[in-house]
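See below for the structure under consideration.
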Amino acid sequence: MKRSPLLLLLVLAIASLSLAACGQQPAGDGDAGEVAPPQPPAEYAAMTNPFAGDATAAATGQVDYESYCQSCHGSGGKGDGPAASSLDPKPGNLAELVKTASDGYIFWRVAEGGMMAPFNSSMPAWKDVLNQDQIWQVVTYIETFN
Ligand code: HEC
């Protein structure tokens, strides 16, 4: 049986189109749901909490948490502070976050906030308000929500 060259061309065209589509990376604009969770930049990724498990640091961090974080994140970090309901996106559950997130991820999110892609949130950047030790103390306190 003689095959139509036109049909062959069509098949080739479809094949090359779908190959081209496979080669494309997802845009990763943060609202697709199925994109991988964002990773901290290298300078944050390797950080570890120098105060991990230190009760004094956690107590100091609690004072800053109550001043700077609780209004949005809530007293137990569940994302249910008095300001939370007016926010979009809403503050996540820090008590859940600390079960899985690395120190570097948490420090990064506190230091740099969320006013950029892919977060585009009202989470403030704290690196110009709190010094590095103060951020770690707050992180140490948050880690007690675990
Ligand atoms: C104005 C409200 C507001 C305040 C104040 C605030 N946050 Fe947030 N925060 C948010 C929102 C909204 C999100 C969720 C969106 C995002 O991830 O950027 C968030 C996200 C986070 C995350 C990342 C959560 C995740 O699941 O990745 C951490 C960690 C965090 N905040 C810690 C803090 C700490 C610590 C403070 C105080 C020093 C603080 N936040 C103060 C609104 C706030």
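Note that ligands are numbered from 1 as they come in the structure, with each ligand's atoms numbered from 1 the same way.
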So does Leu87 get a backbone contact from the side chain of Lys90, meaning a donor-acceptor N/O pair under 3.5 Å? yes

Heavy atom of [X] under 4.0 Å from ligand 1?
X	value
Ile142	yes
Tyr65	no
Pro89	yes

Considering only non-hydrogen protein atoms, determine which one is nearest to [atom] and report residue, atom name and distance to 0.1 Å.
atom	result
atom 24 (C) of ligand 1	Leu97 CD2, 3.8 Å
atom 14 (C) of ligand 1	Lys90 O, 3.5 Å
atom 5 (C) of ligand 1	Tyr68 O, 3.1 Å
atom 27 (O) of ligand 1	Tyr105 OH, 2.6 Å

Is there a polar contact, in the sense of an N or O pair closer than 3.5 Å, between Ser122 and ligand 1? no

Approximate separation, where rounding is to 0.5 Å, of [X] [atom1] and [Y] [atom2]:
X	Y	atom1	atom2	answer
Leu130	Asp64	CG	CG	5.5 Å
Phe145	Tyr65	CZ	OH	4.0 Å
Glu143	Asp103	CD	CG	5.0 Å
Asp54	Asn49	CG	CG	9.0 Å
Ile106	Thr140	CD1	OG1	9.5 Å
Met123	Met116	CE	CE	9.5 Å

For Cys69 against Val138, the heavy-atom pair lying closest together: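 For Cys69 versus Val138, the nearest heavy atoms are SG-CG1, 4.3 Å.
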
Among all residues two or more places apart in sequence or in another chain, which pass the salt bridge (Lys or Arg N to Asp or Glu O under 4.0 Å) test with Lys127? Glu112

Contacts of type side-chain contact (heavy atoms from CB on, under 4.5 Å), residue Asp133, not counting sequence neighbours: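 So Asp133 forms a side-chain contact (heavy atoms from CB on, under 4.5 Å) with Phe51, Asn131.
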
Sequence neighbours left out, what passes side-chain contact (heavy atoms from CB on, under 4.5 Å) with Pro41? Give chain and number order.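 Scan of Pro41 (side-chain contact (heavy atoms from CB on, under 4.5 Å), adjacent residues dropped) gives Glu43, Tyr44, Trp108.
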
With a cut-off of 2.8 Å, how many protein N, O or S atoms neighbour atom 8 (Fe) of ligand 1?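 Protein N, O or S neighbours of atom 8 (Fe) of ligand 1 under 2.8 Å, waters not counted, come to 2.
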
I need the contact type for Val139 against ligand 1. Using non-hydrogen atoms and a strict under-4.0 Å cut-off, is it side chain, backbone, both or neither?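 It is neither; nothing of Val139 touches ligand 1.
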
Sub-4.0 Å atoms of ligand 1 with respect to non-hydrogen atoms of Leu87: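 Heavy-atom distances to Leu87 below 4.0 Å select 2 (C).
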
Under a 4.0 angstrom heavy-atom cut-off, which atoms of ligand 1 come close to Val138?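 It comes down to these atoms of ligand 1: 35 (C).
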
